[in-house]
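Structure, as structure tokens:
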Amino acid sequence: MNGTLPNLFDAGDERSPAVVDLSGAVLSYGALKEQSTRLALALVAAGVRVGERVAYQVEKSPSTIIVHLALLRCGAIQVPINSDYSDQEARALLDDAEPVMVIRSIDRGMLPGPWQSLSIASDGTGSLWGLPWAADTRLPQIAAADGAALLYTSGTTGRPKGALLSHANLVANARTLVDVWGFASSDVLLHILPLFHTHGLFVATHCVLASGSSMVLLPRFEVDPVLQALPSCSVMMGVPTHYTRLLADERFGAVHCEGVRLFISGSAPMTAAVHADFTSRTGAEILERYGMTETSMLASNPLEGPRRAGTVGPPLPDVSIRVVDDDDQLLPEGRVGQVEVRGPNVFAGYWRRPDLQPESFTVDGWFRTGDVGQFDDDGYLELVGRSKDVVITGGLNVYPKEVELVLDSLPGVRESAVIGLPDDDLGEVVVGVVVGESDAPLDGDELRGVARRHLAGYKTPKRIVVVPSLPRNVMGKVQKSLLRDQMIDLGR
């Protein structure tokens, strides 16, 4: 198992705590290894073979960590599914992944199909834990190149797109992150992220297990439990929404953060205002980083050194990032273009989708992220949007982030999103959607007039719509496609 995740994780002190839940119950590294190995043997005895898919749709608990490790040990390719997905949404992914086994939370019931169905509950009940295994059962040999996880990167409309990540991909990223973020066995991570997504399952969990540190595992983000647990932790990973909700609570302050050496944010951009408010309230600086399902982490602001709001920092060690034009030609610093990456953390391709290979990878092996960005003079990467979100109005490109930064700075605006809507004359027009800081009314026309002082005419939104909130996914990213549809439906 050299170069595999179990080999990396088994180096920790068996007596040390690995997972602590909300009740204070502790799962040591020794218990985690014993229980995940026992379950892996049972899965092998149940017929799971190396490279076969096993899907799970379960609520977050220490049991989820055990299942995750057991699947890694037996060589299965795990398919984590959003615990909030409906049966219809889950089935769309299962039909594509073709798993031999599906594990679901006991209260969800079985999902009929050509797979073995098992149930699980966080209290240790469910049919999964009753799987038998014989004394002569042995775990298979697995290699670094073997598949470890299949994560789906899009919704359930249209054909799903699964990113297949190998043990080697995930080991490379875990080792790098432990090093660049300074993880040590003495660290305690406040784990508030879901365990079906790269951020919570690979970044947060693997940083802990690869460094022999521990995690306080909360089922979900809620302000009261976070305020209770944070003083005993040294690292917190979250999405911008988590930080804005903490700042919205007047109880939150420096006293909760005295023992925290590192606050990390990702999965969605954070506004400069939130950065400044957080530092003013706590004295701590948030570190932003950049990653994708297909690659795990790619860039990070430094642990030591300037952290620049609005950037995701330089590329990580062993990761190469370039900004190119539409012909894959390298652009100089300060020029906006397509972001392409390569490195040992980058996946090899989408599950059973060879048709996507030519558009996903360049002929010289760089992965096209679909993000648009630029490097500054010091090598910090700034992302200005997704290529599909760039608004082309009258033949001119408008990058949403540039406009959003202006809208976010306007009095009374808490956050904004910029989209393009169809227009018979210009092809698309720029539309700003804003959320106010309070219940005080905002006038879209007045905001537009102020924004025009800071933006060229073609970049200035033709309309600014005020809404109560922006639609987001579970990781806090604004769902611009949904927002675009909503604005079209409203005739905006």
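Few gaps surround CZ on R472; more than 12 heavy atoms of other groups in view lie less than 6.0 Å from it. The neighbour count for D326 CG, taken as heavy atoms of other residues, nucleotides or ligands under 6.0 Å away, does not exceed 12.
Between R353 and D96 there is no salt bridge, since no side-chain nitrogen of the basic residue lies less than 4.0 Å from a carboxylate oxygen of the acidic one.
Residues R38 and L131 form no side-chain contact, since every pair of their non-hydrogen atoms from C-beta on lies 4.5 Å or further apart.
By the 30° and 60° cut-offs, the orientation of the rings of F347 relative to F367 is perpendicular.
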Discussion item. Go through it in stages, so that I can follow the logic: the residues are K161 and E359, the test is salt bridge (Lys or Arg N to Asp or Glu O under 4.0 Å), and I'd like the CA-CA distance, side-chain angles, deciding distance and then a yes or no.
Written reply: CA-CA 14 Å; K161 188 168 65 172; E359 68 185 64; over 6 Å; no

Worksheet entry | CA sep, side-chain torsions, deciding dist, call: D389, K401, salt bridge (Lys or Arg N to Asp or Glu O under 4.0 Å) | CA-CA 10 Å; D389 291 331; K401 186 178 179 182; over 6 Å; no

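Taking the ring centroids of F196 and Y85, they lie at or beyond the 6.0 Å cut-off.
Not a single salt bridge (Lys or Arg N to Asp or Glu O under 4.0 Å) links D146 to another residue, sequence neighbours left out. Residues passing the ring-ring contact (aromatic ring centres under 6.0 Å, His included) test with H206, sequence neighbours excluded: F9, H68, F202.
A donor-acceptor pair shorter than 3.5 Å cannot be found between the side chains of D328 and T362. With hydrogens and angles left out, the side-chain atoms of Y350 and Q357 include no donor and acceptor closer than 3.5 Å.
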